[in-house]
Amino acid sequence: MQSPVREKEKQPRSSDENIDLGEIIADLKGGEINELAVIIEGEEKTTWFVWILVACASISGLLFGYDTGVISGALVTIGEDLTQGKQLTDGQKEFITSATTLGALLGGLFAGVISDWSGRKLVLAIADIIFIAGAIVQCVCHDVWTMIGGRFLIGIGVGLASCIAPLYIQELAPTRLRGRLVVLNVVMITLGQVIAYGIDAGFANVGGGWRWMVGLSCIPAGIQFILLFFLPESPRILLRRGKLDTVRRIMSKIYATATPRDLEMKAYRFLCRPVKVLEASVRQSIEISNTTTFFQRIHLLLFKGVNRRALIIACGMQAFQQLCGFNTLMYYSATLFQEIGFNQPTAVSLIVSGTNFIFTLVALKWIDQIGRRKIMLWSAPGMIFGLTLASIAFHYMTRKTGGDLVDNTSYPESWADIVLLSMIIFVASYATGIGNVPWQQGEFFSLEVRGLGTSISTATNWAANLLINSTYLSLMAKITPAGAFGFYAGLCLLGWLFVIFCYPETAGLSLEEVMMIFRSSFGIKESRRLRAEKQQIKARAKGTRADTDPPEEEEPM
């Protein structure tokens with residue numbers, strides 16, 4: 001039964017009413033929606049300042065996508081350049097590919113924790129420096145182990161960027177569009193993959209072209225490094241440092257949507273209220289941070305029910321994203337399409353990455369309107385269907401070769417086309433849902449454990465990625481391609497069941513409100529109650545304003 005809205009919230013506040021921080025804190029601790037915070041959200045409009053911040057931060061996503069996608073074409077064109085007259089073996093390909101993932105695992109594991117101490121901006125800058133260094137090492141390498149070292153460096157940068165960029169965006173974004181702005185970072189990841197495949201195709205027939213493929217990531221990394229000097233730090237980090245005046249300046253830009261006359265009349269409402277509500281929520285985190293050690297906060301994350309349930313969901317979703325096998329397709333797609341008979345495997349891979357980009361735009365449009373949970377419930381079955389269809393196609397395609405893909409074998413074009421179709425269905429479903437929803441992970445954690453929680457969940461992503469990528473080629477050889485893709489379909493089914501029973505809806509809830517849904521369960525029912533309560537408060541506030549606001553004065557002729 002839905003709990004009634006408390007009596008004290010039945011009348012919206014006037015714009016000049018004093019703000020009681022203690023009352024806001026009490027509401028947050030008590031698991032209740034605070035009316036003041038809800039009324040502020042009614043004034044949230046995305047300004048150019050916010051879009052510029054997100055665009056600059058999302059260059060990290062572009063680097064993430066480019067550096068993970070470019071290796072697909074590079075592996076096909078390296079030839080004998082690193083092995084003195086021999087082709088790369090499957091084991092060497094797995095080492096080169098997995099080195100990036102191992103680096104990302106380590107980078108992601110420490111990124112959030114470091115950013116809690118140093119701030120979000122510094123970690124993004126460090127990631128850019130590592131991207132540049134890794135690209136240079138790859139460009140000049142002449143043996144497999146140096147290439148592996150370069151890919152490992154790139155991986156550390158990817159791990160840092162994949163953890164911090166979404167977190168930085170979430171902490172700056174208005175609640176109304178938080179999901180969409182984080183998905184914009186994922187759009188940049190998919191765009192980076194498209195660009196990578198395009199560069200791969202362009203340099204596929206150029207001698208030593210793979211060096212250009214891996215080296216061009218220096219350019220966006222250098223651009224973002226320069227832009228970071230002009231970006232603000234996260235307001236929540238600044239409040240923890242006691243820099244209230246700086247926070248006010250940043251918030252005034254984020255909420256700078258009123259006309260000059262409105263700002264003069266409503267400055268208190270536009271500037272003070274957002275800062276005060278934010279200050280109230282951060283105050284709890286400051287108290288915890290000042291009275292606990294790092295290891296005590298780890299204990300708080302693992303053994304306090306609210307935090308533990310958030311961690312389980314964040315890690316579960318990140319594991320689902322990787323165990324479905326998508327990144328094996330990104331890393332090895334050119335190799336796979338070459339084996340089944342396509343004459344231009346890199347160009348075919350570009351079709352797949354283009355599908356990923358286009359359907360991520362679908363998520364960008366609808367994630368806040370439809371919600372994270374519904375998108376996942378609708379998209380996961382498409383992934384299962386696509387992988388099952390691929391398994392069936394591989395089974396019939398490879399009957400004459402005993403179920404295995406054999407080099408220089410002519411396979412039926414009809415089945416090869418069905419494999420491509422199945423990959424497009426799988427990637428479209430992936431991009432709409434699980435490709436972006438797990439990166440909303442930062443919204444699950446309270447500020448005192450947010451960096452730590454996002455580090456662990458991001459590390460889970462890359463650990464699962466490492467497991468899948470380092471075993472993909474071996475799995476294909478051991479249980480055949482049909483068995484491998486059937487296995488991934490089964491893992492997708494388990495992930496879908498996890499979403500059904502554990503993943504709550506967080507669209508429309510502020511970062512400070514999301515943590516309240518995990519107080520006694522995984523929060524599926526509680527999130528419905530809180531979101532319904534917010535809608536009631538907004539409706540009452542809107543009605544009250546319509547009744548009490550004076551009519552606009554006509555401009556003089």
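Positions are given from 1, in the same order as the sequence printed here. Not measured: the values here are computed from a predicted model. All values below were derived from every heavy atom in this structure, side-chain atoms included, with hydrogens, water molecules and symmetry-related copies excluded.
Residues passing the side chain to side chain contact (heavy atoms under 4.5 Å, CB included) test with A133 are L153, sequence neighbours excluded. Applying the side chain to side chain contact (heavy atoms under 4.5 Å, CB included) rule to S162 yields the partners F64, W439, T458, W462; only residues at least two apart in sequence or on another chain are considered. For F295, there are no ring-ring contact (aromatic ring centres under 6.0 Å, His included) partners two or more places apart in sequence or in a different chain. Applying the ring-ring contact (aromatic ring centres under 6.0 Å, His included) rule to F229 yields the partners F225; only residues at least two apart in sequence or on another chain are considered. Under the side chain to side chain donor-acceptor pair (under 3.5 Å) criterion, S521 pairs with no residue, sequence neighbours left out. Residues passing the side chain to side chain contact (heavy atoms under 4.5 Å, CB included) test with C315, sequence neighbours excluded: L311, I456, S457, T460. Every residue two or more places apart in sequence or in another chain was checked for a ring-ring contact (aromatic ring centres under 6.0 Å, His included) with F320, and none qualifies. Taking the ring-ring contact (aromatic ring centres under 6.0 Å, His included) definition, one finds that W145 meets it with F95, sequence neighbours left out. Q321 is linked by a side chain to side chain donor-acceptor pair (under 3.5 Å) to N461, counting only residues two or more places apart in sequence or in another chain.
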For side-chain contact (heavy atoms from CB on, under 4.5 Å), just list the numbers for V50 and L172, CA-CA rounded to whole Å, side-chain angles, deciding distance to a tenth of an Å, and then say yes or no.
CA-CA 8 Å; V50 174; L172 282 162; over 6 Å; no

After noting the C-alpha distance and the side-chain angles of M147 and I71, does the key distance pass the side-chain contact (heavy atoms from CB on, under 4.5 Å) rule?
CA-CA 11 Å; M147 182 67 173; I71 196 62; 4.1 Å; yes

Carefully, step by step, assess S58 and I169 under the rule side-chain contact (heavy atoms from CB on, under 4.5 Å).
CA-CA 9 Å; S58 295; I169 293 169; 3.9 Å; yes

Show your reasoning for whether side-chain contact (heavy atoms from CB on, under 4.5 Å) applies to I59 and L227.
CA-CA 10 Å; I59 295 176; L227 291 175; 3.9 Å; yes

Kindly indicate, with the supporting measurements, whether the criterion ring pair (Phe, Tyr, Trp, His ring centres under 6.0 Å) is fulfilled by F359 and Y430.
CA-CA 8 Å; F359 280 87; Y430 172 94; over 10 Å; no

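In this structure, R519 contributes its side chain and V306 its backbone to no donor-acceptor pair below 3.5 Å. At distances below 3.5 Å, not a single donor-acceptor pair connects side-chain atoms of D128 with backbone N or O atoms of G222. Checking side-chain atoms of S455 against main-chain N and O of V113 turns up a donor-acceptor pair under 3.5 Å.
Contact check for L387 versus C492: side-chain heavy atoms found under the 4.5 Å cut-off. Residues V183 and T360 are in side-chain contact: their nearest non-hydrogen atoms beyond the backbone lie under 4.5 Å apart. A heavy-atom distance below 4.5 Å is found between the side chains of F487 and L491. A 4.5 Å side-chain heavy-atom check between Y488 and Y472 finds at least one atom pair inside the cut-off. Inter-residue side-chain proximity for R308 and L301 is flagged as unmet; no heavy-atom pair is nearer than 4.5 Å. L323 has its side chain within reach of I468: a pair of non-hydrogen atoms, C-beta onward, lies under 4.5 Å apart. Taking 4.5 Å as the limit, some side-chain heavy atom of I130 sits within range of a side-chain heavy atom of L160. The shortest distance between side-chain heavy atoms of V437 and R373 does not fall below 4.5 Å.
Within the structure, no pair that satisfies the ring-ring contact (aromatic ring centres under 6.0 Å, His included) test touches residues 161-182, not counting sequence neighbours. Residue pairs meeting the side-chain hydrogen bond (donor to acceptor under 3.5 Å, both in side chains) criterion with at least one partner in residues 495-507, sequence neighbours excluded, are R372-T506, E443-T506. Residue pairs meeting the side-chain hydrogen bond (donor to acceptor under 3.5 Å, both in side chains) criterion with at least one partner in residues 222-233, sequence neighbours excluded, are S60-Q224.
Using a 30° and 60° split on the angle between ring planes, F426 and F326 fall in the tilted class, from 30° to 60°.
With rounding to the nearest 0.5 angstrom, the NZ atom of K304 is 13.0 Å from the CZ atom of F518. Between the CG atom in L467 and the OG atom in S98 there is a gap of 10.0 Å [rounded to 0.5 Å]. Taking CD1 from I384 and OG from S429, the interatomic distance works out to 9.5 Å, rounded to the nearest 0.5 Å. Going from atom CG of L63 over to atom CE of M188 covers 9.0 Å, rounded to the nearest 0.5 Å. Between atom CZ of residue F498 and atom CD1 of residue I312 there is a gap of 7.5 Å, rounded to the nearest 0.5 Å. The CD atom of Q170 lies 9.0 Å from the OG1 atom of T454; values are rounded to the nearest 0.5 Å.
The shortest heavy-atom contact between L238 and T246 is CD1-CG2, 3.7 Å. When every heavy atom of F152 is checked against every heavy atom of L106, the shortest pair comes out as CZ-CD1, 3.7 Å. Across all their heavy atoms, P232 and F49 have their closest contact at CG-CZ, 4.0 Å. Across all non-hydrogen atoms, the minimal contact from I517 to E526 is CA-CG, 3.7 Å. What you find for N436 and A431 is that their closest heavy atoms are ND2-O, 2.8 Å. In terms of heavy atoms, Q193 sits closest to T68 at NE2-OG1, 4.0 Å.
Results of the side-chain contact (heavy atoms from CB on, under 4.5 Å) test with R151 over T101, T100, V137, V158 single out T100 as the only residue that passes.
In the model, R178 has no side-chain atom that pairs as donor or acceptor with a side-chain atom of Q440 under 3.5 Å. Defined by atom type and a distance below 3.5 Å, a donor-acceptor pair is missing between the side-chain atoms of T190 and N356. R120 and S115 share a side-chain donor-acceptor pair at under 3.5 Å.
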